[in-house]
Student: 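The structure that follows is given in the form of structure tokens.
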Amino acid sequence: MTGVRKYNEQGFTLLEVMIALALVSIALVTLLSLSNRSISVQERLQRETQATLLAQHIMSQEEVLKTGRNSGWQQQDEEWFESPFSEYRWRVSYEDTIIPQVKQVTVAVLWGEANRNEQVSLVSFLEN
């Protein structure tokens, strides 16, 4: 017989360890990027929700105050909100409808940079 020695392999080779570390690092980088993306999406949704609530507030004011404007509807009005909502501004516009006694009221709440033009708009119809 020949003198071939057989031995039991115990442990991992350096190549196997490097491949396992590469796979784990790719998975961790992917999870971290998903976490950052989730945070940015949550921030955007929070801004949109806040803008929607502010638009509803302005629309309810217009509905309450419309009785004093029956004869003098303004075509457009724009202002900034006060603190803590000073990053938002609102715009109200009125348009005629096919029914003379009804006006279309559009409330837009805008925020962010002017070139991005992020906004939420609500449209309602008010009786003269």
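Count residues from 1 along the sequence. All figures in this text were calculated on a predicted structure; none of them were measured in a lab.
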Student: In Å, rounded to the nearest 0.5 Å, how long is the span from OH of Y94 to CG of L126?
Tutor: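 It comes to 8.0 Å.
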Student: Mind checking what makes side-chain contact (heavy atoms from CB on, under 4.5 Å) contact with L21, not counting sequence neighbours?
Tutor: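 side-chain contact (heavy atoms from CB on, under 4.5 Å) check on L21 returns V17.
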Student: Stepwise, does the side chain to side chain contact (heavy atoms under 4.5 Å, CB included) test hold for E87 with F81?
Tutor: CA-CA 7 Å; E87 62 191 37; F81 285 98; over 6 Å; no
Student: Starting from L53, walk the hydrophobic network (Ile, Leu, Val, Met, Phe, Trp, Tyr; side-chain heavy atoms closer than 4.5 Å) and list everyone else you reach, by chain and number.
Tutor: none
Student: In terms of hydrophobic clustering (I, L, V, M, F, W, Y; side-chain heavy atoms under 4.5 Å; direct or indirect links), are L110 and M59 co-clustered?
Tutor: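 No, L110 and M59 fall in different hydrophobic clusters.
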Student: Nearest heavy-atom pair of L122 and Q56: which atoms, and what distance?
Tutor: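 Looks like CD1-N, 3.5 Å.
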Student: Below 4.5 Å, heavy atoms only, C-beta onward: do D96 and K103 meet side chain to side chain?
Tutor: yes
Student: Not counting sequence neighbours, which residues clear side-chain contact (heavy atoms from CB on, under 4.5 Å) with E79? List them please.
Tutor: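 E79: side-chain contact (heavy atoms from CB on, under 4.5 Å) contacts with D77, W90.
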Student: Nearest heavy-atom pair of V107 and A55: which atoms, and what distance?
Tutor: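 Smallest heavy-atom distance, with atoms named: CG1-O, 3.8 Å.
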Student: If you round to the nearest 0.5 Å, how far is CZ of R91 from CD of Q119?
Tutor: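 Q119 CD to R91 CZ: 6.5 Å, rounded to 0.5 Å.
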Student: Who else is in the cluster with V41 when I, L, V, M, F, W and Y are joined by side-chain contacts under 4.5 Å?
Tutor: L45
Student: Got a sec, which residues hit side-chain contact (heavy atoms from CB on, under 4.5 Å) with E16, two or more places apart in sequence or on another chain?
Tutor: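 Counting only residues at least two positions away or on another chain, E16 forms a side-chain contact (heavy atoms from CB on, under 4.5 Å) with F12, T13.
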Student: Which residues pass the salt bridge (Lys or Arg N to Asp or Glu O under 4.0 Å) test with E43, not counting sequence neighbours?
Tutor: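 E43 satisfies salt bridge (Lys or Arg N to Asp or Glu O under 4.0 Å) with R47 only.
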Student: Hydrophobic side-chain clustering at under 4.5 Å (ILVMFWY, transitive links): who's grouped with L15? Put none if nobody.
Tutor: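 I19, L23, listed by chain and number.
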Student: Of all heavy-atom pairs between A51 and V120, which one has the smallest distance, and what is that distance?
Tutor: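 Nearest pair, atom of A51 first, then V120: CB-CG2, 3.9 Å.
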Student: Has T106 got a side-chain atom pairing as donor or acceptor with V123's backbone, closer than 3.5 angstrom?
Tutor: no
Student: How close do S124 and E63 get, heavy atom to heavy atom, and via which atoms?
Tutor: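 In this case the closest contact between S124 and E63 is OG-OE2, 3.9 Å.
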Student: With Q104, which residues qualify under side-chain hydrogen bond (donor to acceptor under 3.5 Å, both in side chains), at least two apart?
Tutor: none
Student: Please tell me if the side chains of Q50 and F85 come closer than 4.5 Å, counting only heavy atoms from C-beta onward.
Tutor: yes
Student: Applying ring-ring contact (aromatic ring centres under 6.0 Å, His included) as the test, list every pair that has at least one member in residues 30-57; sequence neighbours left out.
Tutor: none
Student: Give every residue pair that meets the ring-ring contact (aromatic ring centres under 6.0 Å, His included) criterion with at least one member in residues 102-128, sequence neighbours excluded.
Tutor: Y88-W111
Student: Below 3.5 Å, can you tabulate the donor-acceptor pairs from side chains in residues 26-35 to any protein atom, sequence neighbours excluded?
Tutor:
residue: T30; atom: OG1; partner: I26; partner atom: O; Å: 2.8
residue: S33; atom: OG; partner: V29; partner atom: O; Å: 3.4
residue: S33; atom: OG; partner: T30; partner atom: O; Å: 2.8

Student: Going by salt bridge (Lys or Arg N to Asp or Glu O under 4.0 Å), name the residues that satisfy it together with R116, two or more places apart in sequence or in a different chain.
Tutor: E118
Student: Given side chains that start at C-beta, do those of V92 and I58 come closer than 4.5 Å, heavy atoms only?
Tutor: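 Heavy-atom side-chain distance check passes, below 4.5 Å.
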